Enquirer: 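Sending over a structure as structure tokens; questions will come in a sec.
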Protein chains: 2
Amino acid sequence: MYKEKQLLTNFLSEKNLRHSSKRNTILKAFLKEEGHITAEELHKKVNEEDPSIGIATIYRNLKLFHDAGLARMSRFEKGEAHYEHNYLHTHHDHLICLKCGKIIEFKNPEIEETQEKIAGKHKFKITSHRLELYGTCSKCSSK
Amino acid sequence: MYKEKQLLTNFLSEKNLRHSSKRNTILKAFLKEEGHITAEELHKKVNEEDPSIGIATIYRNLKLFHDAGLARMSRFEKGEAHYEHNYLHTHHDHLICLKCGKIIEFKNPEIEETQEKIAGKHKFKITSHRLELYGTCSKCSSK
DNA sequence: TTAGTTGCAAATCGTTTGCATCAAG
DNA sequence: CTTGATGCAAACGATTTGCAACTAA
């Protein structure tokens with residue numbers, strides 16, 4: 001948590017932006033989340049703490065957290081964006097069950113290596129990536 | 001092209017759906033495309049041939065092509081969906097330049113193997129995947 | 001006091017849908 | 001004829017934005 005707060009503080013002062021109590025409430029709720037969360041979902045959680053915070057502010061702050069480097073954004077097959085933070089959450093990829101919607105996270109260094117090889121071949125400098133495996137999870141395939 | 005048309009014909013008769021001249025126009029324009037295309041872009045191309053075709057029909061047919069197995073859909077970081085066909089286009093992944101927007105396609109069997117290993121570990125049955133590497137292409141990094 | 005932050009509602013963007021009409025089989 | 005295909009405009013869901021009021025520094 002300390003590292004994330006620091007990251008945000010740095011970003012804010014660098015860009016001449018401000019802290020605010022609502023921004024803090026949103027950050028706290030966001031960092032409390034373990035997995036992915038949509039703006040809508042985060043809005044609900046935040047509203048348990050402070051019902052005066054509107055959805056627009058959630059979007060504005062998620063964008064800010066993203067720009068500050070403490071949130072990642074992904075879009076799966078459906079429409080809405082999912083956000084997740086980096087606190088206790090280094091990079092990983094996703095297995096997504098198309099039947100029940102379950103999302104499993106995994107890490108695999110082999111894949112990262114192979115990616116570097118590929119990038120080298122195309123003289124490409126990788127800054128980030130996403131790998132998503134779609135299919136059926138064990139529960140759903142045994143049904 | 002023959003294979004794709006056949007695929008569509010099979011799908012149509014299986015589902016008791018019909019051919020139509022507009023559907024053909026859309027299919028032809030779609031198969032002519034080499035890379036990814038958005039619904040909007042395809043609409044423009046189709047309209048050069050037949051300006052009476054509306055965007056809703058483009059969406060309806062892209063969905064149909066997708067269900068019939070002759071189109072793939074992906075969403076990159078931004079909102080809109082991109083479609084691509086399987087004619088001369090077997091599965092591949094993408095390198096995406098964040099500066100100029102260039103999209104390079106690549107194939108890598110090693111990665112596919114590793115994916116299967118990961119899926120096995122989680123008793124997951126993979127039906128599809130997406131791998132996107134974001135970064136800077138050679139041109140943009142030399143500027 | 002100056003500029004960033006927020007709520008609200010309206011606007012926007014990509015996509016889907018209801019309905020009346022048209023056309024394939 | 002029967003039912004799928006289509007155009008149009010309205011509806012939609014997610015996200016963004018303009019504006020006036022608010023608040024951090």
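Note on naming: letters A, B, ... go to the chains in the order of the sequence lines (proteins, then strands), and numbering restarts at 1 for each one. Please read these numbers as outputs of a predicted model, since none were measured by experiment. Side chains included, hydrogens not; waters and symmetry mates left out as well; all remaining heavy atoms used.
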Enquirer: Heavy-atom contacts under 4.0 Å between residues 12-21 of chain A and DNA chain D, which residues?
Expert: A:Arg18, A:His19

Enquirer: For A:His82 and B:Ala56, find the nucleotide of DNA chain D closest to each by heavy atoms; which residue's nucleotide sits nearer the 5' end?
Expert: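 Nearer the 5' end of the strand: B:Ala56.
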
Enquirer: Would you find a donor on one side and an acceptor on the other, under 3.5 Å apart, between the side chain of B:Arg18 and the backbone of B:Leu12?
Expert: no

Enquirer: Set out, in order, the CA-CA distance, both residues' side-chain angles and the distance that settles side chain to side chain contact (heavy atoms under 4.5 Å, CB included) for A:Cys97 and A:Tyr134, then state yes or no.
Expert: CA-CA 6 Å; A:Cys97 178; A:Tyr134 294 94; over 6 Å; no

Enquirer: Any salt bridge linking B:Lys107 with B:Glu112? Criterion: basic side-chain nitrogen under 4.0 Å from a carboxylate oxygen.
Expert: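 Looking at B:Glu112 together with B:Lys107, the answer is no, because their closest N to O distance does not fall below 4.0 Å.
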
Enquirer: Between B:Glu49, B:Lys45, B:His43, which is the residue that forms a side chain to side chain donor-acceptor pair (under 3.5 Å) with B:Asn47?
Expert: B:His43

Enquirer: How far does the helix from C:dT1-D:dA25 to C:dG25-D:dC1 bend, going by the axes of its first and last five pairs, to the nearest 10°?
Expert: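 That helix has its two terminal axes inclined by roughly 30°.
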
Enquirer: Walking along DNA chain C from 5' to 3', note the first and the last nucleotide with an atom under 4.0 Å from a heavy atom of chain A, and give both.
Expert: C:dT2 to C:dC8

Enquirer: Between P on D:dT15 and NE2 on A:His66, what's the gap in Å once rounded to a whole number?
Expert: 13 Å

Enquirer: What is the ring orientation for A:Phe106 with B:His122, classed by angle as parallel under 30°, tilted 30 to 60°, or perpendicular over 60°?
Expert: tilted

Enquirer: Look at all strands and tell whether A:Arg60 reaches a base, only sugar-phosphate, or nothing, counting heavy atoms closer than 4.0 Å.
Expert: base

Enquirer: Between A:Lys22 (NZ) and D:dC22 (P), how many Å, whole number?
Expert: 11 Å

Enquirer: Remember a base hit wins even if backbone is also touched, and classify A:Asn61 as base, sugar-phosphate or nothing at under 4.0 Å, heavy atoms.
Expert: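 A:Asn61: backbone/sugar contact only, no base atoms under 4.0 Å.
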
Enquirer: Could you verify whether a donor N or O on one side chain and an acceptor N or O on the other, from A:Gln115 and A:His129, lie under 3.5 Å apart?
Expert: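 Yes - a donor-acceptor pair under 3.5 Å links their side chains.
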
Enquirer: Using a 4.0 Å heavy-atom cut-off, does B:Ile55 contact any base of the nucleic acid, only the sugar-phosphate backbone, or nothing at all?
Expert: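 The answer is nothing, as B:Ile55 stays clear of every strand by at least 4.0 Å.
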
Enquirer: Considering the options A:His66, A:Glu84, A:Arg130, A:His82, which one meets the side chain to side chain contact (heavy atoms under 4.5 Å, CB included) requirement together with A:Met73?
Expert: A:His66

Enquirer: Output the rounded distance in Å from CD (A:Glu80) to C1' (D:dT15).
Expert: 12 Å

Enquirer: Quick check for you: to the nearest 0.5 Å, what is the distance between A:Arg75 atom CZ and B:Ser74 atom OG?
Expert: 13.5 Å

Enquirer: Could you tell me whether the side chain of A:Glu33 and the main chain of A:Phe30 form a donor-acceptor pair under 3.5 Å?
Expert: no

Enquirer: Is A:Tyr59 near enough to D:dT16 that one of its side-chain N or O atoms lies under 4.0 angstrom from OP1 or OP2?
Expert: no

Enquirer: Return the value, rounded to whole Å, for the distance between atom CD1 of A:Ile58 and atom P of D:dT17.
Expert: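 The answer, rounded to whole Å, is 17 Å.
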
Enquirer: If we ignore angles and hydrogens, is there a donor and acceptor under 3.5 Å between the side chains of B:Asn108 and B:His92?
Expert: no

Enquirer: Using a cut-off of 4.0 Å on non-hydrogen atoms, how would the nucleic acid contact of A:Thr38 be classed: base, sugar-phosphate, or nothing?
Expert: nothing

Enquirer: Please check if the side chain of A:His85 supplies one atom and the backbone of A:Leu70 the other of a donor-acceptor pair under 3.5 Å.
Expert: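 Looks like no, no N/O pair under 3.5 Å.
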
